[in-house]
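A quick write-up on the structure given underneath.
Quick note on labels: first sequence line is chain A, next is B, and so on, each numbered from 1.
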Amino acid sequence: MLDEAKAILKGLGTTFKALAAPRDTYPYPEKRREYSPRYRGKHMLAKDEEGHELCVGCGLCEAVCPAHAIRVVAAEAPGDQPVSWTNRYSVDYEVDLIRCIFCGMCEEACPTNAVRLTPFNELAAYDRQSMIADKQELLHPAIRK
Amino acid sequence: MIRLTIDGQEIEVREGTMIADAAARLGIDIPVYCYHEALGPLGACRMCLVQVEKMPKLATACTTAVAEGMVVHTTGPQVDKGRKGVLEFLLINHPLDCPVCDKGGECFLQDYTFRYGPPQGRFQEPKIQKVKDGPISDLILIDQERCVLCQRCVRFMDEYVGEPELLLEGRGVETVVTTVEGRPAQSQFAGNVIDLCPVGALLAAPYHHKARPWNIEREESVCTLCPVGCTTLTTGRDGRIVRVEGRPVVDRNWGWLCDRGRFGFDFATHPSRLVNSRLHGREEAAARTTREIGQWLREVVAQEGGEAIAVVMGGLHTTEEAHQVYRFATEVLGTRRLVVSRDVPGYVPRGLNGTFEDLSAADAVILVGTDPYESAPVLHLRLRERLKNRRAPLTLMGVAPRNLSRSTLPVETLVTHVGQEADVLAAALKEAAGDHPAVAALLSQGAGIARGIDPTQVSQLSRVLREAERLVVVWDGVEPDVEHVLAALAQARQGQTTRVLPTFGPSNWRGFERAGFDARFDALTRVLEDARDGKIRMLILWGADLLKDYPDRRLVEQAYERVEWLLAEGVFVPEGAEHFDAVVPGAAPGEVYGTYVNMEARLQIASPSVNPPGQARPTKSYLTAWAHALGKPFVVDEEWDPYDDASGDLLPEEPLPQDIEAIRAPDLPEGGVELLVSAQVWANGIPSQILEARLEAAQIARISPLDADALGIREVGVIRVESAEGVLELPVRVDEHLTPGRLLVPLGVGALPVNRLRPGVVKVQRLEEVQTP
């Protein structure tokens with residue numbers, strides 16, 4: 001009889017101790033965690049000060065990607081309207097965010113520092129198709145709320 | 001023989017060998033830019049520095065000939081330092097724009113810099129800016145900043161091709177490769193400089209910024225646009241072929257291509273490509289068309305048996321596809337009327353067929369009717385290479401109805417009348433070996449008179465026929481009697497070699513023959529005559545376009561009208577579409593695996609790099625479906641192998657033809673202009689968007705300046721050509737190389753239906769003059 005009561009009190013003691021302890025969870029999405037600036041989230045394609053795309057469509061990110069998540073199609077810029085800072089640019093740039101393992105090797109391989117991994121990590125969608133980020137999406141990176 | 005040691009390994013090589021070649025024999029890789037075996041040593045790039053004991057300084061391996069007892073080191077601190085220095089200098093003005101360079105990933109400058117180069121250059125000053133992506137021609141771009149001035153391109157065009165269209169301009173670091181006076185390079189061999197360039201300076205314009213080496217399918221293939229059958233590498237990207245490169249084969253070819261083959265790969269994606277089935281002239285679902293054709297086949301076979309069906313094989317099909325058709329026709333349909341589409345009547349028996357090795361070893365070459373520059377461009381390069389070999393002189397003669405000589409390949413031509421080549425050759429043979437029984441049999445009908453031909457020229461030709469140890473005849477097949485002369489020639493020259501290289505098409509006709517088809521022109525004519533006479537109910541054209549190709553258009557029209565069912569398979573809609581009950585789309589080269597047999601009777605494997613577009617299917621899909629409709633088992637035999645164990649990649653040898661047929665002296669035309677046909681790769685009817693302008697310029701009849709003057713045509717005009725068979729209107733261009741009195745018309749061009757007339761004398765009249773732009 002006494003032993004049982006002891007056990008109950010011990011258990012409750014643990015419970016009350018935990019109630020007072022600091023929390024491990026976050027009340028997401030009302031409150032968000034602070035990430036390191038080097039956090040590797042969703043990709044973006046950067047532009048230079050004049051608004052020209054940095055990506056020249058060299059395809060090194062495509063080559064280095066261990067998950068085969070990137071597809072690049074390059075082309076020559078139409079004569080009078082340069083798209084990137086040189087006469088070659090990427091017509092198509094797609095990242096399959098389901099395949100991507102966020103290793104950051106694309107960022108590392110990029111000779112023009114065009115593809116960068118932002119800390120944005122809110123990657124959810126209702127279907128797989130919308131998890132493929134196209135060029136326009138990557139040129140306008142989402143900002144974390 | 002000279003003995004030397006390279007990196008501790010001893011080797012014995014011939015005197016005069018360069019260290020680089022000796023090292024290559026041992027499998028030791030010496031980096032090099034400027035040296036190319038076909039072009040010889042130059043020593044411009046200094047990349048191949050090696051250390052030779054007892055030499056005070058490093059030596060260039062590509063220009064230093066071996067010497068007895070030489071000890072060479074291709075590695076070591078001194079060599080490494082030398083190469084580092086050379087690369088540092090080469091990179092001083094290099095823009096290092098590898099990410100935007102098409103060569104990036106397959107570039108020797110990249111590779112060697114990684115392997116031998118310095119990690120950092122010490123040059124801090126601004127780099128010299130030069131032309132980027134400037135045109136060499138509409139098909140070739142040059143980036144002068146990337147150039148390392150190895151001069152391969154300049155030397156290739158100047159020494160090898162003989163059309164010096166590229167040159168070095170400027171001095172020192174300002175030196176650039178450019179075209180003569182800025183004029184675009186027009187040579188049909190200019191595309192080879194793209195393959196030759198070890199860096200990203202010379203690039204293919206159609207491939208510019210299209211792909212990178214790691215996201216392409218690069219497959220070994222064979223060019224099918226002419227019977228030379230050059231070995232190629234095709235590059236596929238996203239289901240389209242985007243590039244064709246030459247593929248060198250060790251000890252056999254250097255991988256040269258002509259621009260027609262290098263840039264004409266886009267016919268498979270041309271807007272006129274057949275991608276949908278057509279039933280009675282309307283587009284129809286593939287399944288329905290196939291089913292419908294199956295019904296017709298069943299009906300014909302049930303009512304009259306398979307012999308009422310004839311199959312004409314043609315086009316760009318592989319040997320394997322031809323064999324599938326052969327098996328289907330013999331086993332399922334039960335017909336023996338299997339022939340090959342032909343555009344000229346000549347035929348070369350396998351026993352006479354020579355190889356390119358024979359050509360390299362020949363001491364005399366006779367061109368009969370054909371101008372290799374037009375009909376087999378890479379053969380022209382081979383002849384030039386052979387002619388350049390000063391150690392063994394070559395006699396080069398021509399027997400043709402026009403002068404075959406060119407500035408790049410002087411040919412002593414015996415200009416005959418149209419249809420007189422066989423007679424002139426026979427006359428020379430009579431003089432050379434008139435008492436040989438084979439020659440006597442050949443001449444028994446009175447041929448060999450060579451009327452109107454200078455007898456000294458005939459004697460000269462006969463001397464070549466008699467004295468040449470190794471003779472190669474290159475023949476265009478236009479004048480069929482030449483076959484019998486060649487057979488008699490080979491017999492009369494017992495003990496000496498006589499080989500023939502046929503330049504006529506279809507490019508894989510020998511492969512079709514290997515697969516079981518009758519490639520003789522007479523067999524095709526018999527089938528067409530039977531069709532005209534109502535003995536054939538169904539005519540199946542597998543890739544063939546008879547109305548365009550067959551020399552007698554009227555016979556084809558009559559046959560088309562008479563047969564009940566007319567089917568075609570092909571990459572394009574054949575001419576006379578209104579005649580066809582059904583046309584089904586087939587797979588083009590580069591879309592199926594298979595072998596092609598070239599003019600040497602050599603089998604060459606081609607692997608696909610893309611899939612057929614739209615509803616186009618490989619041959620076996622159709623055959624299997626139709627066999628099913630006929631209720632007969634038909635399993636496509638993937639195991640069938642065109643190769644023969646004994647003869648390797650050549651088709652099995654056959655003995656020389658023994659029966660010599662007598663030929664007659666031709667009735668010679670009197671005066672007037674003579675109509676002359678010739679197969680030309682730039683006017684062979686296969687479309688290309690990349691080459692559109694050049695193809696258009698080539699698809700025109702040609703007339704000599706003298707005749708043009710008489711007609712009042714300045715550069716381009718339209719003429720009316722009249723003969724006993726009919727009247728034809730042809731656009732013509734003045735060709736200053738053409739022999740007066742000849743009108744040259746390319747074969748196989750839909751817009752120039754020369755098969756309405758017969759070669760020979762025609763009446764020519766000017767219609768109008770077209771303004772030249």
Side-chain angles (χ1 to χ4, degrees), chain A residues 43 45-48 50 52-96 99-100 103 105-116 132 134-135 138, chain B residues 91 94-107 109-111 113-114 119-120 127 129-136 138-146 200-201 203-218 235-243 269 610 690:
Chain A
H43 312 64
L45 287 173
K47 293 182 178 178
D48 65 9
E50 282 139 48
H52 291 139
E53 290 168 18
L54 287 179
C55 177
V56 294
C58 72
L60 282 171
C61 46
E62 184 184 23
V64 79
C65 183
H68 301 293
I70 304 180
R71 178 173 163 267
V72 188
V73 179
E76 182 150 8
D80 47 341
Q81 285 187 321
V83 183
S84 74
W85 56 275
T86 177
N87 70 347
R88 180 184 170 124
Y89 79 112
S90 58
V91 192
D92 258 359
Y93 193 104
E94 288 177 356
V95 183
D96 187 338
R99 284 199 146 196
C100 178
C103 63
M105 275 160 81
C106 45
E107 195 175 19
E108 212 172 306
C110 185
T112 61
N113 203 10
V115 58
R116 300 170 190 179
I132 297 175
D134 65 8
K135 196 181 165 197
L138 295 168
Chain B
L91 291 170
H94 189 85
L96 292 174
D97 56 352
C98 306
V100 295
C101 176
D102 279 337
K103 200 85 172 185
E106 49 185 24
C107 170
L109 192 56
Q110 267 187 339
D111 293 350
T113 305
F114 267 88
Q120 204 89 52
K127 300 194 174 207
Q129 308 229 319
K130 296 178 189 167
V131 172
K132 289 192 84 69
D133 297 340
I136 286 284
D138 50 337
L139 301 167
I140 306 165
L141 300 175
I142 183 157
D143 188 312
Q144 293 170 343
E145 289 183 357
R146 294 181 193 145
L203 302 166
Y207 184 66
H208 198 43
H209 296 335
K210 279 267 161 58
R212 317 237 74 191
W214 51 82
N215 57 24
I216 52 173
E217 313 269 334
R218 211 178 191 183
T235 298
R237 159 105 159 127
D238 289 344
R240 288 169 81 97
I241 292 177
V242 291
R243 170 173 70 165
T269 47
V610 294
I690 295 173

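- Among K210(B), K132(B), R237(B), the residue with the largest count of heavy-atom pairs under 4.5 Å with chain A is R237(B).
- The closest side-chain heavy-atom distance from D133(B) to N87(A) is below 4.5 Å.
- Contact annotation for D238(B): only side-chain heavy atoms (C-beta onward) come within less than 4.5 Å of a heavy atom of chain A.
- Here the side chain of W214(B) pairs no donor or acceptor atom with the backbone of E62(A) at under 3.5 angstrom.
- Nearest heavy atom pair, residue P99(B) against residue C58(A), reads O-CB, 2.9 Å.
- Annotation: R218(B), atom CZ; neighbour count of heavy atoms from other residues, nucleotides and ligands within 6.0 Å is above 12.
- The heavy-atom pair separating E76(A) from H208(B) by the smallest distance is OE1-CD2, 2.8 Å.
- Contact count versus chain B (heavy atoms, under 4.5 Å) is highest, among T86(A), T112(A), V73(A), for V73(A).
- The minimum heavy-atom distance linking V100(B) with R88(A) is given by the pair CA-CD, 3.6 Å.
- In this structure, E217(B) places its CD atom where only 12 or fewer heavy-atom neighbours from other residues, nucleotides or ligands lie under 6.0 Å away.
- Residue V91(A) does not touch chain B at all, counting heavy-atom pairs closer than 4.5 Å.
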